[in-house]
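Down below is the structure, laid out as structure tokens.
What's counted below: heavy atoms across the whole structure, side chains too, no hydrogens, waters or symmetry copies.
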Amino acid sequence: MLSTRSAALRATRRQGQRYFSSPIVSTLQSKIDALAKQKTPQFMALRKEYADVKIGDVTVGACIGGARGIKCILSETSILDPMEGITYRGRTLNECNDQLPKAPGGKVGLPEAAFWLLLTNEIPTEAEVKALNEELHKRSTIPEHVYKLIDGLPKDTHPMTQLSIGLLALQPGSEFGQAYRAGTVNKADYWKPTLEDSLTLLGQIPLLTARIFRNIWFDGKHIPSDPTLDWAGNYAQMMGVDDSEGFKEVTRLYLMLHADHEGGNVSAHTTQLVGSALSDPYYSWAAGLCGLAGPLHGLANQECLAWLKEVMVALNGKEPTKEFIVDYVQKTLKSGKVVPGFGHAVLRQPDPRYMLEREFALKHCKDDPLFKLVDCVFQAVPPTLEKTGKVKNPYPNVDAHSGQLMYFYNLKQENYYTVVFAVSRSMGVMAQYIWSRALGLPIERPKSIGLDVLAKAAGL
């Protein structure tokens, strides 16, 4: 038994080494290297000559309020603008959806093309995306002992818990971890084995998460990976809830829209914090996943869908009307509850991610009863919230729509929705992790203080 286990671990450790000289990885490395050389002088000047320049003030409220809005995290890959929403390397999501290569016959920008953009600040060519897809498929192999571990978990183990366990089981294959322990990589090149790990992790995560899904809800009857399909399309097919091209397209859309969201959200910041200690991508994203599993971060989609289903019950089979929704929302607010999916800490316009999902729904499922409700809510809720005078942003965010699309395409296992989010966000956190190593960011160590110190500063 011990020798079998050791052999499995050795196989895991070798999994990335076969691909180190892949032409597409070499191309990706050269592009990242060129961009890093362009950015490094700016980074070094800021660190050495302008380190004392103030970019904001820290208030008592910020200290005890979750550090909200404090500008102290570097994120090159994406920025959240109050009016434009999230931008990937300066491009709006509408621009990304228009410009990124598509699947054959598709209309949605491929998420793996978005990953290339986040890494390189370039829109990839069709040929580059094709080669990247082939590379991800090559790296997707999961050792048998990891499958056995996942298959042996109780079905009532939350899928996010299973995903964290699975990533940690894959950690012995980390190229960065091996190179660091062996002393075979210098600090300036840390990002290269990190890139290797990130590509392998991205190749493996659709298979791992599909395995978890089919184990829990389909008695372990699995659908094999199809190397002819794109990254997201293959993931949709392996879930096996809908074999239509529409489900593949909506999966591509969801994964592209949720790929990155700055560096301050819980899962992204956790990943970068743990990574700053030079924990490898597997350790770091496993930690980030534990943050994503928290109800204040990764459950918004489910909570919005639950609220929509409550309204459907209240409608009792009737068509939704604006008048009914306004009355229902007013009663919700008077009871001290909130309307989930509306408002955003930063945005002051409708979430572009929501609007892109709405555009998709109008083309593909406008007669769906749940979409008719979503549409009616979209018309009725913002002016109702605006009249209260208490809401800075009365518009819907992406979570107000995502559940409807998943539900329409028969992905009704709501406990799994956060896992789909995790598959998407793995691209953004890995791109941020790679750039943290490319720029040589140090270990994070903010200063903590106590209430008495705050009270003294406030003059209490």
Side-chain angles (χ1 to χ4, degrees), residues 83-86 92-94 97-98 107-109 241-242 244-258 299-333 337-344 347-388 391-412 414 417 420-421:
M83 306 307 291
E84 291 188 330
I86 197 72
T92 67
L93 290 179
N94 282 286
N97 198 44
D98 289 340
K107 303 293 184 182
V108 173
V241 296
D242 188 309
S244 70
E245 186 58 32
F247 181 52
K248 292 183 179 65
E249 275 285 87
V250 80
T251 302
R252 293 169 186 132
L253 179 65
Y254 182 93
L255 299 187
M256 188 274 285
L257 294 180
H258 290 79
L299 292 188
N301 185 358
Q302 292 169 244
E303 290 172 350
C304 292
L305 179 60
W307 185 82
L308 289 170
K309 290 163 75 173
E310 286 176 11
V311 179
M312 289 290 282
V313 171
L315 283 165
N316 196 26
K318 298 177 183 177
E319 287 283 316
T321 64
K322 185 175 181 180
E323 293 73 23
F324 179 90
I325 297 302
V326 168
D327 181 65
Y328 192 91
V329 168
Q330 288 175 340
K331 290 178 180 177
T332 298
L333 296 174
K337 298 179 182 178
V338 299
V339 181
F342 283 77
H344 194 279
L347 288 174
R348 296 298 176 262
Q349 294 283 353
D351 189 340
R353 298 172 299 176
Y354 178 97
M355 298 307 293
L356 282 164
E357 289 190 341
R358 175 176 169 81
E359 180 182 320
F360 185 94
L362 286 168
K363 290 179 181 177
H364 295 273
C365 54
K366 65 179 181 180
D367 295 324
D368 172 46
L370 194 57
F371 172 69
K372 289 181 178 180
L373 174 58
V374 169
D375 182 46
C376 191
V377 168
F378 174 70
Q379 307 294 336
V381 171
T384 304
L385 293 178
E386 213 163 18
K387 286 179 181 178
T388 67
V391 181
K392 292 180 180 179
N393 174 17
Y395 303 107
N397 61 58
V398 68
D399 297 308
H401 210 318
S402 297
Q404 177 271 324
L405 287 170
M406 291 179 172
Y407 214 76
F408 176 77
Y409 284 104
N410 207 35
L411 184 56
K412 298 180 178 181
E414 295 169 34
Y417 286 3
V420 183
F421 189 176

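The side chain to side chain contact (heavy atoms under 4.5 Å, CB included) test with His401 is passed by exactly one of Leu405, Val398, Asp399: Leu405.
Taking the six-membered ring for Trp and thresholds of 30 and 60 degrees, Tyr328 and Trp307 have ring planes more than 60 degrees apart, a perpendicular arrangement.
Of the possible polar contacts, none joining the Asn97 side chain to the Val108 backbone as a donor-acceptor pair under 3.5 Å is found.
A 4.5 Å side-chain heavy-atom check between Asp351 and Ile86 finds every atom pair outside the cut-off. Side-chain contact between Cys365 and Gln404: present, with at least one pair of heavy atoms (C-beta onward) separated by less than 4.5 Å. Looking only at side-chain heavy atoms (C-beta outward), Val374 and Asp368 stay at 4.5 Å or farther from each other. Annotation: side chain of Lys107 is not in contact with side chain of Glu359 (no heavy-atom distance under 4.5 Å). Here the side chains of Glu414 and Leu305 are in contact, with some heavy-atom distance below 4.5 Å. Two residues are said to be in side-chain contact when any heavy atoms from C-beta on lie closer than 4.5 Å; Pro396 and Arg358 fail this criterion.
With rounding to the nearest 0.5 Å, the separation of CG in Asn94 from CE in Met355 is 9.0 Å.
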Chi angles and distances behind the side chain to side chain contact (heavy atoms under 4.5 Å, CB included) call for Lys248, Arg252: CA-CA 6 Å; Lys248 292 183 179 65; Arg252 293 169 186 132; 3.9 Å; yes
Side chain to side chain contact (heavy atoms under 4.5 Å, CB included) between Tyr254 and Met406, intermediate numbers included: CA-CA 9 Å; Tyr254 182 93; Met406 291 179 172; 3.6 Å; yes
Test log, rule side chain to side chain contact (heavy atoms under 4.5 Å, CB included), inputs Val420 and Leu411: CA-CA 10 Å; Val420 183; Leu411 184 56; 4.2 Å; yes
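Applying the side chain to side chain donor-acceptor pair (under 3.5 Å) test to Asp242 and every residue at least two apart in sequence or in another chain returns Ser244.
Aromatic pair Tyr354/Phe378: ring centres closer than 6.0 Å.
The two residues Gly341 and Ala400 make their nearest non-hydrogen contact at O-CB, 3.5 Å.
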